[in-house]
Amino acid sequence: MLRVEALDLDHGDARALTGVSIEAPRGEIVAIVGANGAGKTSLIRAIAGMHKPTAGRILFKDVDITGWSSDRVCDLGLGQVAEGRQVFPTLSVRDNLLMGAMVPRARARRVANLERMYAMFSRLRERDRQLAGTLSGGEQQMLAIARCLMSEPELVMFDEPSLGLSPALVLQVLDIIRTLNREGLTCLLVEQNVVASLKLASSAYVLENGVIALAGASADLMADDRVRKAYMGI
Amino acid sequence: MTLALTIEVLIQGLLNGLVYGLMALGLSVIFGVVRVVNFAHGEFAVLAMYTAFMAATYLHLDPFIALAPIAALFFVIGYVLQKTIVAKFIDRPDHQQFILLIGLAIVIVNVMLLVSGPDARHVNLSYAYDAYFLGPVLVDKTRVLAAGGALTVAAALFAFFRFSMTGVAIRACADNPTGAAVVGLDVRRLYALTFGLGLACCGAAGALLVTIADPTPTLAPAFTLLAFTIVIIGGLGSMPGALLGGVVIGVAEALASLVVAPSMKSMVSFGLLVVILVLRPRGLMGRSAS
């Protein structure tokens with residue numbers, strides 16, 4: 001469904017990604033793991049159209065979206081739950097959610113989708129009129145996920161969805177991702193929580209210094225000595 | 001100095017201030033969302049005054065009627081300006097943006113000089129000398145109409161930002177530009193709309209101002225400075241703050257010219273600016289950094 005081919009990305013003079021190729025087949029969860037600064041967020045943002053790659057191609061649903069602006073990418077059905085949640089702090093929960101449905105593909109169904117999100121995340125319904133900036137970290141993460149789903153995406157890139165959450169909430173977030181995937185959503189999952197994300201994903205890529213160091217089925221990676229030493233502390 | 005005269009001057013200042021506030025509102029909206037300081041703001045306002053003057057002279061359009069088409073024209077100018085030129089400077093260092101907009105300001109002033117010359121232009125209105133009497137207090141009709149017009153335009157803008165989806169999307173961009181890109185908002189289009197709305201405020205304010213003041217090209221830099229003063233006193237990025245700042249400056253200047261001397265009124269507004277910056281650096285209604 002999503003294919004990235006030999007992607008290069010520069011931030012000014014600094015090289016962020018070199019020759020990165022990944023693939024996320026329809027209906028699967030694919031994990032990208034790696035240390036801080038390995039280029040995970042850069043990769044996500046390049047796919048989302050927020051950074052312009054220097055070389056390589058990005059294909060989504062067999063459409064070449066390389067160099068597209070982020071609003072067009074989003075309108076094609078490629079959603080993103082960004083690192084740090086990126087909610088709109090001075091907007092109400094409702095308005096935050098409605099902003100997720102501004103893309104043409106979902107705009108007409110925004111009221112129905114709002115109701116669907118409130119049914120899925122009852123906590124958000126309780127906080128309907130509250131400003132997003134006053135929510136707890138866990139609630140903000142739920143809001144970020146629900147806001148993304150408002151655009152009716154076919155693939156969602158989750159960037160560190162469990163960052164800064166309590167262990168109970170981390171499990172809850174991962175559970176939501178598993179449920180969404182069962183309902184047919186393709187997921188690209190970037191996580192520091194390597195064990196959990198490998199358990200969830202069918203295949204995974206290890207990103208090191210902007211290069212794909214390892215790739216394969218999650219079960220194989222979990223058994224790989226290098227992965228165990230570097231990321232699982234075993 | 002009688003009490004009636006004092007009240008008259010205070011009301012005059014308040015009414016003028018609302019019109020100034022509308023102009024400053026445009027500056028505040030542009031800065032609050034696009035994060036670009038429009039150094040050509042007063043120039044656009046005076047350009048709108050000249051437009052209203054020409055509409056009145058050649059098309060015999062009352063400025064209060066010409067307000068809507070002039071605001072629409074300046075909306076288009078702002079939209080196109082942002083989309084074609086300013087957008088290319090959004091990610092550049094601040095000083096490059098300053099040079100761009102100051103350059104634009106100089107061009108506008110000199111075009112006005114070229115076309116209309118340095119003399120003040122006056123719009124003749126049949127009701128220019130009408131007034132309302134509140135007991136012994138006399139209030140100019142044009143000023144009441146101008147202030148009413150400013151409040152109406154400002155209220156429409158507030159309603160747009162509060163209730164329309166596009167208005168909320170613009171607020172979302174101001175709140176978190178990264179988040180706006182993440183959810184697929186067309187940030188460049190929303191910025192262009194915002195710049196258009198900011199200049200539409202200038203256009204509307206210019207049409208109103210021409211009924212209470214005569215435009216000259218040299219008025220333009222003074223208006224830019226005035227808009228800055230108002231916005232800083234009211235609180236950068238705060239929409240009600242811009243109107244409040246306008247009223248504060250309008251009343252302060254009117255009082256100063258009555259109590260001290262008309263030539264001292266700028267000293268009072270800049271003095272007020274300094275006091276506000278010391279006591280409340282974020283302005284009267286500015287939000288805190290957190």
Side-chain angles (χ1 to χ4, degrees), chain A residues 12 41 44-45 48-52 68-92 94-108 110-111 131-133 140 143-153 156-159, chain B residues 28-29 31-35 82-84 87-88 90-93 96 158-194 235-242 282-283 285-290:
Chain A
T41 297
I44 295 243
R45 291 197 168 173
M50 294 165 70
H51 296 321
K52 297 272 170 282
W68 280 26
S69 60
S70 51
D71 54 297
R72 287 181 70 202
V73 172
C74 209
D75 194 38
L76 198 63
L78 210 168
Q80 180 192 176
V81 177
E83 187 187 20
R85 295 148 204 152
Q86 306 292 350
V87 298
F88 303 118
T90 71
L91 264 54
S92 67
R94 170 180 292 257
D95 282 345
N96 263 273
L97 290 171
L98 289 174
M99 286 303 105
M102 283 294 274
V103 286
R105 69 184 269 117
R107 199 163 178 175
R110 62 179 186 269
V111 178
L131 299 187
Q140 284 191 16
L143 177 59
I145 294 172
R147 186 182 62 173
C148 173
L149 296 176
M150 288 289 288
S151 69
E152 303 181 350
V156 171
M157 304 186 283
F158 293 89
D159 194 353
Chain B
S28 187
V29 164
F31 177 78
V33 178
V34 191
R35 296 277 141 192
Q82 168 70 29
K83 201 99 192 195
T84 53
K88 294 185 170 54
I90 287 248
D91 296 321
R92 303 237 190 134
Q96 294 188 8
F158 282 106
F160 170 77
F161 281 118
R162 187 86 185 79
F163 300 113
S164 82
M165 286 290 278
T166 309
V168 176
I170 289 176
R171 276 163 53 214
C173 282
D175 227 10
N176 182 351
T178 308
V182 163
V183 298
L185 293 181
D186 189 345
V187 178
R188 284 172 305 176
R189 184 178 144 265
L190 292 169
Y191 278 0
L193 282 177
T194 306
L236 258 179
S238 158
M239 293 181 45
R282 304 212 158 268
M285 302 192 71
R287 276 184 242 140
S288 67
S290 64

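These numbers come from a predicted model, not from an experiment. Residue numbers start from 1 in every chain, and the chains themselves are labelled A, B, ... in the order their sequence lines are given, proteins ahead of strands. Quick note: numbers below take in every heavy atom, side chains included, and nothing from hydrogens, waters or symmetry partners.
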Region of [X] in contact with chain B, defined by heavy-atom distances below 4.5 Å:
X       : answer
M99(A)  : both
V87(A)  : backbone
R110(A) : side chain
S151(A) : neither

Next on the checklist: Let's test your reading of the structure: which of A48(A), A82(A), P89(A) forms the most heavy-atom pairs below 4.5 Å with chain B?
Outcome noted: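 Heavy-atom pair counts peak at P89(A).
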
Checklist entry - In terms of heavy-atom pairs under 4.5 Å with chain B, which of R147(A), Q86(A), M150(A), M102(A) leads? => result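 Answer, by heavy-atom pair count under 4.5 Å with chain B: Q86(A).
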
Checklist entry - Does any pair with a residue in residues 94-105 of chain A pass salt bridge (charged side-chain N to carboxylate O under 4.0 Å, His left out), and if so which ones, sequence neighbours excluded? => result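 Every pair satisfying salt bridge (charged side-chain N to carboxylate O under 4.0 Å, His left out) with a residue in residues 94-105 of chain A: R94(A)-D128(A), R105(A)-E154(A).
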
Checklist entry - Can you list the steps and then say if V168(B) with L91(A) is a side-chain contact (heavy atoms from CB on, under 4.5 Å)? => result CA-CA 8 Å; V168(B) 176; L91(A) 264 54; 3.7 Å; yes

Item to check | Proximal component of R189(B), with respect to chain A [non-hydrogen, under 4.5 Å] | outcome: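 The answer is neither part of R189(B).
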
Checklist entry - Could you walk me through whether D186(B) and R72(A) pass the side-chain contact (heavy atoms from CB on, under 4.5 Å) check? => result CA-CA 8 Å; D186(B) 189 345; R72(A) 287 181 70 202; over 6 Å; no

Checklist entry - So do the side chains of V182(B) and R45(A) get within less than 4.5 Å of each other, counting heavy atoms only? => result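 They are not in side-chain contact.
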
Checklist entry - Where do F88(A) and D175(B) come nearest, in terms of heavy atoms and distance? => result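 Taking every non-hydrogen atom into account, C-OD2, 3.1 Å.
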
